[in-house]
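Each remark here refers to the structure printed beneath this line.
Along the sequence shown, residues carry numbers from 1. Atoms within a ligand are numbered from 1 in the order they appear, just like the ligands themselves.
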Amino acid sequence: MIIPTIPTPDELLDKGFNRAKKAANKARTSKLPRHKKSQIIEETRVTTACQVVKEKLQMILDRVPDIESLPEFYQDYIDITVGVDQMKQSLGALNWAYGIITQLEKDYAKRIRRSPSENSTKLQKQLYGRLASVVNKISKDLDFLDYGKSKLRNMPTINFEATTIVIAGFPNVGKSTLLRQITDAEPQVANYPFTTKGIQIGHLERKWKHIQIIDTPGLLDRPIIKMNDIELNAILAFEHLADSILFICDISETSGYLIENQIKLFEEINTIFKKDIIIVFNKIDLVSDDKKEKLEKYKNIFNDVIEISAFERTGIEKIINRIAKVEKNP
Ligand SMILES: Nc1nc2c(ncn2[C@@H]2O[C@H](COP(=O)(O)OP(=O)(O)O)[C@@H](O)[C@H]2O)c(=O)[nH]1
Ligand SMILES: [Mg+2]
């Protein structure tokens, strides 16, 4: 999401007052009826200062997309990253300020026009004070939007037309290696809360079908039971997005995780994600013959296991064919 540059209250006011000063100077040098001169100058100052502040507020409001109109995944993303309610509240405050300033601008322009010349400057000063107070009232909101801007940069670019596969499995089981083997270009790396190095998104085309594959290191690679509510929400955003989960089990146990524990993680993920799950046994190149028997036992737990070596590129085509069969959720 692109949030424009957010000014501080002082920056906003400085800009308004500076432009108002220039406009007033210009008015001063132009031919004006003498008895109206100071009213016209101060009215110019008042309307210019208000206009400039309003323009900037409007620009921010226009450029921040309407959160409710965003796809669910982005709404979830904004919520776990900065909080949707706070975001809406801050935007609401800017809107409020815009309305009040419009009111003040009209009110003071009228008062200056209708009051004797000697009151013009006093009224203009009063307006400046009130304008400053309104802008300072939204100081926290501008702060928050600026924080949001920094937190929401490098959001994942999701293709919502594509069939989406989310990879899960303990660290070092071969998730990144597999992602690279089955997708075309370098994966996109994007920020995602609770992930150590962000998420990775790779793409592939199969029979005119666009498929995106997402790796979530730091999220779907550890026991879910131990997670707190926000972490769970971070996972649920993928529940909305995933059409299927690709669960990778390192059958060689060289990653340091026992197969039994990997199966436990699988079961947790299977409970949380009510989705199609593709089970992959990776690193078969590291399984010696005497251990093959043990492997058979585990294979029988599942209906359909794809055995691969991501490293040696064996079984990759089987995975791609299976992925191509995944139906997109309506
Ligand atoms: N021998 C072998 N090594 C693999 C295989 N797949 C991954 N690896 C290695 O396992 C390590 C961890 O792989 P990585 O893809 O980074 O795991 P991730 O943490 O799940 O993303 C790396 O050194 C890989 O080269 C495989 O099928 N066979
Ligand atoms: Mg990895």
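Protein heavy atom closest to atom 28 (N) of ligand 1, with residue, atom name and distance, is D285 OD1, 2.9 Å. At the shortest separation from atom 8 (N) of ligand 1 among protein heavy atoms lies K283 CE, 3.7 Å. For atom 6 (N) of ligand 1, the closest non-hydrogen atom on the protein side is N282 ND2, 3.2 Å. Nearest to atom 14 (P) of ligand 1 among the protein's heavy atoms is T177 OG1, 3.5 Å.
Side-chain atoms of Y77 and N191, non-hydrogen and from C-beta on, do get closer than 4.5 Å to each other. The shortest side-chain heavy-atom distance between Q89 and K140 does not fall under the 4.5 Å cut-off.
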Working note: K292 + D289, criterion salt bridge (charged side-chain N to carboxylate O under 4.0 Å, His left out); need CA distance, chi angles, decisive distance, verdict. CA-CA 5 Å; K292 287 257 159 73; D289 285 342; 3.6 Å; yes
What do the steps show when you test E231 against K226 for salt bridge (charged side-chain N to carboxylate O under 4.0 Å, His left out), and what is the final call? CA-CA 10 Å; E231 288 172 307; K226 294 176 186 154; over 6 Å; no
E307 vs K299, test: salt bridge (charged side-chain N to carboxylate O under 4.0 Å, His left out). Steps then yes/no. CA-CA 9 Å; E307 288 177 79; K299 264 174 76 178; 2.7 Å; yes
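Looking at D276 and R322, a side-chain N of the basic residue comes within less than 4.0 Å of a carboxylate O on the acidic one, giving a salt bridge.
Screening V326, I319, I245 for a side-chain contact (heavy atoms from CB on, under 4.5 Å) with I278, the sole residue that qualifies is V326.
Within a 4.0 Å radius of atom 2 (C) of ligand 1, the protein has at least one heavy atom. Distance screen at 4.0 Å: atom 20 (O) of ligand 1 has a protein heavy-atom neighbour inside the cut-off.
Checking only distances, F311 does come within under 3.5 Å of ligand 1, N or O to N or O. Below 3.5 Å of separation, one finds an N or O of V173 facing an N or O of ligand 1. For the pair D215 and ligand 1, the shortest N or O to N or O distance does not fall below 3.5 Å. Residue I308 has no nitrogen or oxygen atom sitting less than 3.5 Å from a nitrogen or oxygen atom of ligand 1, judged on distance alone. Ligand 1 has a nitrogen or oxygen under 3.5 angstrom from a nitrogen or oxygen of G174.
Atoms of ligand 1 found under 4.0 Å from any heavy atom of S309 (numbered from 1 in listed order, with element): 26 (C), 27 (O), 28 (N). The atoms of ligand 1 that sit less than 4.0 Å from any heavy atom of S176 are 15 (O), 18 (P), 21 (O). The distance from ligand 1 to the heavy atoms of P171 drops below 4.0 Å at these ligand atoms: 19 (O).
Here T183 contributes atom OG1 and I214 contributes atom CD1; the two are 11.5 Å apart, rounded to the nearest 0.5 Å. Here the straight-line distance linking atom CG of L152 with atom CD1 of I3 works out to 5.0 Å at 0.5 Å rounding. Rounding to the nearest 0.5 angstrom, the gap separating the CD1 atom in I320 from the CZ atom in R206 is 5.5 Å. Interatomic distance, CD of E72 versus CG of L236, reported as 10.5 Å (0.5 Å rounding).
Around the Mg ion (ligand 2), protein N, O or S atoms at a distance under 2.8 Å total 1; waters are neither shown nor counted.
Between F238 and F73, the angle of the ring planes lies from 30° to 60°, which puts this pair in the tilted group.
Residues F302 and F266 place their aromatic rings such that the two centres sit under 6.0 Å apart.
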